[in-house]
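Keep in mind that what you see is a predicted model, and the values were worked out from it rather than measured.
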Amino acid sequence: MTTLSTAQRTAVFLAALGGIVWLGGLIIRAAIGFDLFIPGTLTFKPDMPPLAQAQALRLFTQTSFYTMSGYGVLLLLGGYLWLSHKALWRQRGGLFIGGMLVIVYIPIECWQIYYDIELIQLVRYASYSEFPLEAAKQLLTKRITILSGAGPFLSMLGYLSAVFFLIVQPMQMRTEEH
């Protein structure tokens, strides 16, 4: 068993904090974003006033700062820790699998971040009287339907699986002590 230095312990704490902020932000943003749609569809609610839609879209973009920051901290510090412990990959297979699952879904997350930035630039300084509602709704729909709608859902399952492997460590080699 290796002990972590103070810097590594701090990195673990900050990476975990970034992951918590990121995952929590995703849940909050999903609640905000999907409130615009008729449940179970990607059809916008026709009875929702345009001003309410604009406010929800603005709130969706304002919360993206937290998710992008948390994800960046998680990737940078988590990647540093993962790569600095390559020697443990063989003994703790869950560490390797968890890291690989995160790597697999980075492109989907980056694509969503791209659409988040586009949405931020579109609505950031727009007043409600000149709010680009239709363009913002199109960008939100594109963001949600990455990879035919399965991308965000599959990446969330992948990230949850990575957390499972990192915490439970089901593939840990046992050493016998005499």
Discussion item. If you count every heavy atom of other residues, nucleotides or ligands that lies below 6.0 Å from K45 atom NZ, does the total exceed 12?
Written reply: yes
Discussion item. Quick check for you: to the nearest 0.5 Å, what is the distance between L26 atom CG and Q112 atom CD?
Written reply: 7.5 Å
Worksheet item: Do W82 and L95 touch side chain to side chain, with heavy atoms closer than 4.5 Å?
Response: yes
Discussion item. Quick check: do L23 and M156 have side-chain heavy atoms less than 4.5 Å from each other?
Written reply: yes
Practice prompt. List, by chain and then residue number, the residues other than L77 in its hydrophobic cluster (Ile/Leu/Val/Met/Phe/Trp/Tyr, side-chain heavy atoms under 4.5 Å); write none if there are no others.
Written response: F13, L14, L17, V73
Worksheet entry | From L101 atom CG to F96 atom CZ, the distance as rounded to the nearest 0.5 Å | 10.0 Å
Discussion item. With ring pair (Phe, Tyr, Trp, His ring centres under 6.0 Å) as the rule and sequence neighbours excluded, what pairs involving residues 50-81 come up?
Written reply: W22-Y71
Worksheet item: Hey, mind stepping through D116 and R29 against side-chain contact (heavy atoms from CB on, under 4.5 Å) and telling me if it holds?
Response: CA-CA 11 Å; D116 283 341; R29 294 182 78 217; 3.0 Å; yes
Worksheet item: Going from OG on S155 to CH2 on W111, what distance comes out if it is rounded to the nearest 0.5 angstrom?
Response: 14.5 Å
Discussion item. Minimum heavy-atom separation for L122 and A136, please, with both atom names.
Written reply: CD2-N, 3.4 Å
Worksheet item: Run the side-chain contact (heavy atoms from CB on, under 4.5 Å) check on M68 and I120 step by step: do they pass?
Response: CA-CA 12 Å; M68 288 188 286; I120 290 167; 3.7 Å; yes
Worksheet item: Mind checking whether F44 and L42 sit in one hydrophobic cluster, side chains of I, L, V, M, F, W, Y counted as touching below 4.5 Å?
Response: yes
Item to complete: Could you check if a side-chain atom of L119 sits within less than 4.5 angstrom of a side-chain atom of R143, using non-hydrogen atoms only?
Response: no
Worksheet entry | Value rounded to 0.5 Å, distance of CG in L51 from OG in S129 | 10.0 Å
Practice prompt. Please name the pair of heavy atoms, one in P132 and one in V123, separated by the smallest distance, quoted to 0.1 Å.
Written response: CG-CG1, 4.5 Å
Worksheet item: Once you round to the nearest 0.5 Å, how far does CG of L36 lie from CD of Q55?
Response: 11.0 Å
Worksheet item: So, R124 side chain and T61 main chain: donor-acceptor pair closer than 3.5 Å or not?
Response: no
Discussion item. Check for me, please, whether L160 and L75 land in the same ILVMFWY cluster - side-chain distances under 4.5 Å, paths through other members count.
Written reply: yes
Item to complete: Calculate, to the nearest 0.5 Å, the distance between atoms CD1 and CG belonging to I108 and L154 respectively.
Response: 6.5 Å
Discussion item. Has Q8 got a side-chain atom pairing as donor or acceptor with S5's backbone, closer than 3.5 angstrom?
Written reply: yes
Practice prompt. Decide yes or no for R92 and H85: does some side-chain heavy atom of the first lie under 4.5 Å from some side-chain heavy atom of the second?
Written response: no
Worksheet entry | M48 with L59, same ILVMFWY side-chain cluster at under 4.5 Å | yes
Worksheet entry | V102 and E109, any side-chain heavy atoms less than 4.5 Å apart | no
Discussion item. Counting neighbours of NZ on K142 that are heavy atoms of other residues, nucleotides or ligands and sit closer than 6.0 Å, is the number greater than 12?
Written reply: no
Discussion item. For W89, is the CH2 atom crowded, meaning more than 12 foreign heavy atoms sit under 6.0 Å from it?
Written reply: yes
Worksheet, complete the sentence: Minimal heavy-atom distance between L74 and G18, with the atoms involved, is CB-C, 4.4 Å
Worksheet, complete the sentence: In terms of heavy-atom contacts, A162 and G98 come closest through CB-O, 3.4 Å
Practice prompt. State, with a plain yes or no, whether a side-chain heavy atom of S64 is found less than 4.5 Å away from one of I117.
Written response: no
Worksheet item: For the hydrophobic clusters of this structure (ILVMFWY residues joined by side-chain heavy atoms under 4.5 Å, transitively), does one cluster hold both V21 and Y159?
Response: no
Item to complete: List, by chain and number, the other hydrophobic cluster members for Y125, where Ile, Leu, Val, Met, Phe, Trp and Tyr join if side-chain heavy atoms come within less than 4.5 Å, directly or indirectly.
Response: none
Practice prompt. Starting from the C-alpha separation in whole Å, work towards a yes-or-no answer on side-chain contact (heavy atoms from CB on, under 4.5 Å) for F131 and Q53.
Written response: CA-CA 10 Å; F131 195 84; Q53 290 178 350; over 6 Å; no
Item to complete: Give me the ring orientation class for F34 and F37: parallel if the planes are under 30° apart, tilted from 30 to 60°, perpendicular past 60°.
Response: tilted
Worksheet entry | Joint cluster assignment, F164 & I20, ILVMFWY side-chain distance < 4.5 Å | no
Discussion item. How close do G78 and A15 get, counting heavy atoms only, and between which atoms?
Written reply: N-CB, 3.9 Å
